[in-house]
Every structure is written in C-alpha cells, then in structure tokens.
Amino acid sequence: MECTGAQILLESMKREGVDVLFGYPGGAVIDIYDELPRHPELRHVLVRHEQGAVHAADGYARASGKTGVCLVTSGPGATNTVTGIATAYSDSIPLVIFTGQVPTQLIGNDAFQEVDIVGITRPCTKHNFLVKDITKLALTIRQAFYLARSGRPGPVLVDLPKDVMQKRTEFVWPEDIYMRSYNPTYKPNLNQLRRSVEELAKAERPVILAGGGVIMSNAAEALTSLARKLQIPVTCTLMGLGGFPATDPLWLGMVGMHGTYAANLAINNCDVLMCVGARFDDRVTGRLAAFAPKARIVHIDIDPTSIRKNVEVQVPVVGDCRLALEGISEICDAKLENKDWAGEHAAWIAAVAEWKSSKPLCYQDNGNIKPQAVIEALYDITGGDAIIATEVGQHQMWVAQFYSFTKPRTLLTSGGLGTMGYGFPASVGAQFAFPDKKVIAVAGDGSLQMNIQELATVVSNKLPIKVIILNNRYLGMVRQWQELFYNNNYSSTNMEAQPDFVKLAEAYGAEGYRIEKAEDMRAVLEKALASPNPAFIDVVVEREENVYPIVPVGAALDEMLLV
Amino acid sequence: MQRHVLSVLVENEPGVLSRVAGLFSGRGFNIHSLNVAPSLEEGVSHMTITTDGDSLILEQIMKQLHKIVSVIKVVDFADIPAVAREMMFVKVQAEGPMRGEILRTVEIFRCKVVDVSPNEMTIEATGDQNKLDAIISLLHRFGIKELARTGAVAMRRSKKTD
C-alpha cells in the first residue's frame with residue numbers, strides 16, 4: 001500500500017501501541033496534523049507550550065510505564081522541547097519526540113523556522129535521528145521506540161522534514177528489530193550475583209539503597225520481598241520513592257541532602273551497601289570521600305557507565321534490577337535456606353530503630369500553616385492512593401519527606417535535572433494514563449508559574465487535576481540557602497508580586513480555593529480534593545519555613561543540620 | 001595519567017563524529033588526537049582516539065563510548081600489542097647552507113621531502129609520537145613555518161605463532 005510519510009508515521013505509532021500523544025501544531029508538521037483526524041485511535045492532546053507537551057508525555061510514561069510520545073513543529077517548537085527532553089534524559093524516562101523540520105532541500109540554508117535540533121539535543125537524548133529518506137521512515141520509528149524503552153530507557157528524538165511527510169512510498173513495517181551496535185545486558189552475570197550474596201551473607205550492618213531503576217524495571221516487589229526476607233533496612237533516593245513501602249518497619253526514609261537522620265546514619269555506618277538502580281548522584285552522596293566509609297558496595301545497574309563512575313564498587317552487577325534481585329533471592333533460597341537473617345541483623349535493626357525514633361522528621365507547630373502539615377493532611381485524605389506530581393524546590397522535598405509513598409509510579413518528580421515547571425504538565429500526562437485515578441500536583445508558587453498555561457489544557461480536557469500551591473511568596477529553596485549559607489542575602493528570591501491564583505484558576509474555567517488559616521486547612525483541602533473539577537488550592541504557608549535535615553554541599557551525610 | 005590509544009568502530013552515519021567528540025567535550029575528557037576514516041566494511045568507520053587519564057577515567061571513557069548507540073566496538077591498545085603511527089608534514093625554512101643539513105636530518109629519520117621552493121622545504125614524516133616530536137625539535141632551529149599532524153592511527157598486532 002502506498003502511503004505518505006505522515007500516514008506512515010501515524011500508522012507506525014499505532015503499531016507501537018501509542019494511544020495518546022501530546023503536541024502542538026505548526027507549519028512543518030501540518031501534513032501530520034492533516035492526517036491525524038483520520039486516526040481517531042490516536043488521541044492528540046493539544047498543550048499550550050511545547051515544554052508542556054514533553055513533560056506531559058514524561059508524566060504519562062512515569063505513571064504508566066509505557067513510552068510517552070510528543071509531536072511538535074520545527075524551530076521554536078523543537079527548541080521548546082529541550083528542557084523537557086533533558087529532564088527525561090536525567091531520569092531515564094522512555095520518550096519519543098517527533099519534531100518537524102524544514103524540507104530536506106532547505107536544510108542548512110537558515111530557512112524559516114529551521115534549527116539543527118538533532119545537533120542541539122545530541123547531548124540530552126539517548127539517541128536521535130534525522131529522517132531524510134522516506135523509505136527509512138518506518139524503520140527509524142521502530143528503532144526510536146525500541147531504543148527509548150529498552151536497556152536504560154531514555155528520550156529519543158526523530159526529526160521529520162516536511163517533504164518526507166508529503167512523499168509517498170510503500171509502507172513496510174519491520175517486525176523484527178536488530179541493531180548490532182546496541183545490545184543492552186538484561187541478564188546479570190551469575191558469578192556476580194553469587195558474589196553479591198556472599199557480601200550480604202557476611203554483612204552485620206547491611207543497607208539497601210534503591211533508586212529510580214527499581215521503579216523503571218518494575219522491581220519494587222522483588223526489592224520488597226528480598227529486603228524483608230534478608231531483614232535489611234532500605235532507603236531510597238528521590239527517584240526511588242515508592243519502590244519500597246514507606247510504611248514498612250525496615251523503611252529508613254529518603255537518603256541524601258534532605259534525607260532522614262536514620263537513612264544517612266545508616267549509610268554512614270553500614271558494612272555492606274547494596275545499591276539498586278541508583279547512580280550515586282551528588283545530592284545523594286554528600287562529600288564523596290566520606291560516603292559509606294565503612295561499607296563494601298554491591299552496585300546493580302543496567303547501565304555499566306553508572307558503575308564506578310562516582311564511587312568505588314566491590315561487586316558490580318550489570319543488568320536489569322528486577323532480574324538481579326530475583327536472582328539474588330533465588331541464590332539465598334538455595335544456599336542459605338536456614339540462615340537466621342533476622343537474628344543476625346537484630347542489633348543493627350535496633351540501632352536503626354533508635355535513630356528513627358530519636359530524630360524523626362518533624363516541624364514546630366506555631367499556629368501558622370506549616371507546609372509539612374499540608375503534605376501530611378494530603379496523605380491522610382488520599383490514604384496514599386493518588387498519583388502525586390511535584391515541581392522542584394522546598395515543596396518537593398516536603399512531599400518526599402512527609403508523604404508516605406507505598407507504591408511505585410505514584411510520585412512523579414524531576415530528580416536529576418531539577419526542572420521547575422515539570423510537575424503540573426506531568427500531572428496532565430498521568431491523568432491521561434489513569435483517567436480514574438486521583439492526580440494531584442504539589443507546587444511552589446514559583447515553579448507553578450513556569451508552566452501555568454497548561455491549566456488551559458487541563459480545563460479543555462476536563463481533567464480533575466488538583467494543584468496544591470504551597471505558597472510562601474519566595475523561591476523557597478534558594479531563599480533557604482541564602483539564609484543558611486549566604487548571610488540572609490535574599491537576592492531576587494522574593495516573589496511577593498504574584499497573581500491571585502484563585503482568580504487565575506477561575507479565569508481559565510477551573511476552581512480556586514485559598515487557605516489562610518491553619519484551622520481551615522484540613523476541611524478546605526478535603527472539599528477541594530473531592531471536587532470533580534480541576535482546581536488550584538492556594539495555601540498560604542509559613543513564609544520562612546526550611547527543609548530539614550539538610551546536608552550542606554560538600555559535607556558528609558552525618559554532618560547534616562537537623563533543625 | 002597515562003596516554004591511551006583507543007580504536008573505535010562506528011556506524012558511518014551523519015553526526016557520529018560529533019556524538020563521539022561531544023562525549024569527550026561534554027564530560028570533560030581530554031582528546032589528544034582523533035582520526036576517522038572508512039574501514040574495510042562498508043558503512044562502518046574506524047576511529048583512532050588518543051586520550052589520557054587515570055584508570056578510572058579511562059574506564060568511564062570506554063564505557064561511555066560504548067554507550068553511544070552508533071558505536072559498535074571499543075578497544076584500548078594499552079592492554080594489547082598494537083602498532084600505532086602518525087603522519088605529518090613540516091614546512092621548514094631552507095635557504096643556502098641549511099638545505100644540506102636539513103636533508104641529512106631527513107635522511108637519518110627516513111623522512112621524505114615532498115615539496116621544495118627556493119627558500120622552503122616540506123617534509124613528510126611517519127612514525128610514533130616520540131619520533132615525530134624528535135624530528136620537530138631538531139627542525140626547530142631552521143625555523144618551522146607550518147606543521148600538520150594526523151594524530152595516531154593504530155591496529156592490533158597479529159598473533160605470533162611459535
């Protein structure tokens with residue numbers, strides 16, 4: 001059957017299982033948009049800014065585990081996606097981004113709305129393509145989806161010149177896919193698994209550190225059962241939250257810069273650290289030289305570059321986290337069937353429990369609305385059964401600390417890149433993935449304003465998303481650093497001039513709530529969350545509240561400031 | 001810090017050079033020289049990259065190179081016997097009595113004179129890095145006007161049979 005490039009593109013997406021794509025039309029992709037109405041099975045969501053499209057696709061991918069897709073035009077449409085692409089790249093999120101491009105004969109001529117997006121996104125994509133030949137279109141799309149979701153997932157960009165979309169060719173769908181230069185290792189080496197078990201068996205004070213890889217590889221169940229079987233306390237990175245139930249007695253809390261006292265001390269004192277799907281980011285390790293100084297380290301990761309990049313590792317395990325954890329579990333069952341893990345780790349678990357109870361996460365109640373209390377109330381009201389998206393900053397850390405995530409894929413947050421403006425559009429994607437689930441974005445007043453235009457997308461698609469704004473009229477996290485490390489020099493962090501978020505929500509056709517008194521907080525929050533409509537909930541919180549604990553940059557994990 | 005010669009096989013597709021070069025610049029690795037040309041197999045190019053770094057940096061360079069989707073194979077010639085050569089052109093000032101001396105130097109190093117004018121000579125030299133450095137230092141006193149070096153190309157040695 002002879003098809004245009006646009007038809008091939010849409011047919012290929014369908015075969016890749018795409019049901020929703022987020023996008024914004026323009027001259028270079030108008031042929032694709034012309035074809036879209038003839039593919040009702042592909043739901044196109046019109047966003048209000050291309051950055052919103054990528055974040056929405058990203059939120060869809062994180063929440064569902066499927067590959068997120070977006071479609072934008074050339075030039076400014078393409079460059080507007082870069083922040084979203086870099087965000088997804090940092091957190092290894094599978095995305096395919098289709099960008100329009102000027103006709104092939106104009107490429108390189110500084111044509112209208114031309115930009116070398118393949119060049120621009122080379123360092124922040126897993127791979128990218130420029131399709132110059134229509135006969136390679138279907139294969140390229142197949143490869144793009146394959147690359148995005150396999151191995152260590154990531155964003156893949158496909159640049160589509162306008163004339164390639166208009167030309168015609170026979171549509172041949174490549175069923176099999178093979179790229180000789182790309183062979184990710186899923187199955188871990190059995191010897192390395194045996195060595196991991198040896199380390200764990202010798203350990204007196206073991207800790208598991210779980211990262212986003214646990215979520216990405218659907219390893220949460222395997223992790224939880226292994227930790228319980230071997231009686232090993234677990235901490236997670238920000239990206240790993242939900243990978244282990246925060247209600248379990250073995251839970252230490254989050255690790256790192258804003259990690260708990262118990263988690264950071266456990267890392268500092270453990271003799272074996274098993275790191276699963278995390279890459280020892282500087283926000284996790286603090287001063288590298290003082291990180292886990294007494295520990296032998298087992299590191300499981302599908303990406304060999306993550307291993308020994310930052311810390312020395314005694315047992316490297318390259319492979320899929322789930323397969324590795326299951327493999328370790330099987331070896332334990334076969335060889336250490338009668339080992340009394342609980343008995344041997346009793347003293348260590350008691351020490352950890354003591355740290356947990358002596359210095360729990362806390363805040364001083366003084367009659368004002370404490371942001372931490374808002375997050376606790378949110379957890380309470382939802383019973384933990386919601387998808388929470390966050391922006392970046394203090395509110396993000398309070399969510400990580402005070403909301404007990406028990407299931408994977410329930411926290412959507414920009415970990416690696418720390419992208420303000422991520423959470424609200426990400427919640428849009430999550431709501432499309434799960435129309436019946438409660439999706440809540442927690443935002444700061446600063447972050448929300450970075451992609452606030454997506455409220456139009458929310459309203460026009462009748463999404464019941466709620467945005468809780470922890471409004472302190474500051475860029476709170478930067479202000480906190482200015483207070484703690486820069487002599488209270490609040491340079492350009494005061495955000496007092498801001499819109500009336502209630503009226504603004506109403507102007508877009510959503511509901512607006514404002515909470516100004518602590519005693520009203522719970523009731524208004526309940527009422528707002530129960531509404532079937534989209535809403536902004538503007539919570540006026542204690543202005544100069546800080547996130548504690550905090551490990552100052554360059555300090556060791558046990559040098560944290562507690563309050 | 002040790003100098004390493006890496007042999008990298010890549011899919012010959014547009015942008016592959018900048019993927020590789022961009023990896024080095026983006027991650028702060030050092031490139032001493034980088035050489036690309038088609039290999040025997042159609043659609044595959046062979047790169048020889050000379051870089052330096054300690055063993056941890058080298059390990060990262062190798063892994064990161066391998067992670068690039070267009071890279072087929074990466075080999076470090078520090079661990080296996082290999083031959084590496086570099087080619088260069090040196091244009092030196094060559095007037096009157098100097099000419100004889102330059103020619104004798106060229107002879108000793110088994111270089112070739114490839115271009116001559118009344119006051120200049122262009123010399124072609126091939127060898128490992130040390131040899132080329134030595135030639136340059138000897139020719140300096142005559143006055144080097146221009147220098148073009150290729151950077152190393154390298155190949156694994158054949159296995160010896162005994």
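These numbers come from a predicted model, not from an experiment. Here is the naming used below: chain letters follow the sequence lines, and residue numbers restart at 1 for every chain. Heavy atoms only: backbone and side chains are in, while hydrogens, waters and symmetry mates are out.
- Summarising the local packing, CD of A:Gln105 is surrounded by more than 12 heavy atoms from other residues, nucleotides or ligands at distances under 6.0 Å.
- Note that the CG atom of B:Leu56 and the CG atom of A:Asn310 stand 10.5 Å from one another [nearest 0.5 Å].
- The shortest distance between side-chain heavy atoms of A:Pro304 and B:Lys67 does not fall below 4.5 Å.
- The distance from atom CZ of A:Arg122 to atom CD1 of B:Ile68, rounded to the nearest 0.5 Å, is 10.0 Å.
- Ranking A:Asn128, A:Asn183, A:Leu130, A:Leu147 against chain B, the residue ahead of the rest is A:Asn128, based on heavy-atom pairs under 4.5 Å.
- In plain terms, the two heavy atoms of A:Ile307 and B:Gln60 that are nearest each other are O-NE2, 4.1 Å.
- For B:Gln64, the parts sitting under 4.5 Å from any heavy atom of chain A are the backbone and the side chain alike.
- Taking CD1 of B:Ile72 as the start and CE of A:Met179 as the end, the distance is 10.5 Å to the nearest 0.5 Å.
- Interface summary for chain A: among B:Gly22, B:Gly26, B:Ser70, the most heavy-atom pairs under 4.5 angstrom belong to B:Ser70.
- Looking at B:Glu11 and A:Arg180, a side-chain N of the basic residue comes within less than 4.0 Å of a carboxylate O on the acidic one, giving a salt bridge.
- In this structure B:Glu124 satisfies the salt bridge (Lys or Arg N to Asp or Glu O under 4.0 Å) test with no other residue, sequence neighbours excluded.
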A:Ser181/B:Lys73 under side chain to side chain contact (heavy atoms under 4.5 Å, CB included): CA gap, chis, key distance, verdict: CA-CA 8 Å; A:Ser181 59; B:Lys73 194 176 173 191; over 6 Å; no

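- Counting heavy atoms of neighbouring residues, nucleotides and ligands inside a 6.0 Å radius, atom CD of A:Glu312 exceeds 12 of them.
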Inset, instruction - Verify side chain to side chain contact (heavy atoms under 4.5 Å, CB included) between B:Arg19 and A:His127, making sure each step is shown before the conclusion. - result: CA-CA 9 Å; B:Arg19 282 184 208 283; A:His127 194 64; 3.6 Å; yes

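- Note on A:Lys136 versus B:Glu13: no salt bridge recorded, every NZ/NE/NH1/NH2 to OD/OE distance being 4.0 Å or above.
- For B:Arg3, the CZ atom sits in a packed shell: over 12 heavy atoms of surrounding residues, nucleotides or ligands are nearer than 6.0 Å.
- The part of B:Val71 that comes within reach of chain A is its backbone (N, CA, C, O), which places non-hydrogen atoms under 4.5 angstrom from that chain.
- Distance alone, capped at 3.5 Å, places no donor-acceptor pair between the B:Lys63 side chain and the A:Ser306 backbone.
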